[in-house]
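Comments concern the structure below.
Note that the structure is a prediction, hence the values are computed from the model and not measured. Counting starts at 1 for both ligands and their atoms, following the listed order.
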Amino acid sequence: MKILKIDHLGIAVNSIDQAKSFWSTVLGLHFEGSETVAEQKVTTAFFPVGESEVELLESTAPDGPVAKFIEKKGEGIQHIAFRVANIEEALAELKAKGVRLIDEKPRIGAGGAKIAFLHPKETGGVLVELCQRD
Ligand code: ZN
């Protein structure tokens, strides 16, 4: 598997509107806009940082994965995303190595990227996302 870079850090927040000012006004990062991914019950907001991005995540429903994360752990870093050259290949390799996956097949995330999550029990408690952008 070829990991190209850290694509983004996913940060769970109660409100993008409230959290946004720290990232844009205080740190001076450019707010690239937000997008709702209905299937994941989440609204995302992206702030490019060099070759990577900060992705704020706000749940759109009380039973969404981001809402559940905040309920358990509070606001904070929710996942780390690695960009891979070929996500199908990476998933096949991980499966062959016996790594438990949340997504056996890639699905479409924010920005039209192909994404898949590994099971946090396999990664020392870190939710790892793979993503491929063409
Ligand atoms: Zn992500």
Does any part of the side chain of D103, heavy atoms only, come nearer than 4.5 Å to the side chain of I115, both counted from C-beta?
no
So, leaving waters aside, the tally of protein N/O/S atoms less than 2.8 Å from the Zn ion (ligand 1) stands at 4
Counterpart residues, side chain to side chain contact (heavy atoms under 4.5 Å, CB included), relative to K73 (two or more places apart):
F69
Distance-only criterion, 3.5 Å: show the donor-acceptor pairs between side-chain atoms of residues 50-57 and protein atoms not counting sequence neighbours.
residue : atom : partner : partner atom : Å
S52     : OG   : I6      : O            : 2.5
E55     : OE1  : H8      : NE2          : 2.9
E55     : OE1  : H79     : NE2          : 3.2

For Q78 and L127: C-alpha separation, side-chain torsions, deciding distance, then whether side-chain contact (heavy atoms from CB on, under 4.5 Å) applies.
CA-CA 7 Å; Q78 195 246 0; L127 182 57; 3.7 Å; yes
If the condition is side chain to side chain donor-acceptor pair (under 3.5 Å), which residues does K121 pass it with, not counting sequence neighbours?
none
CD1 on I108 to SG on C131, rounded to 0.5 Å:
11.0 Å
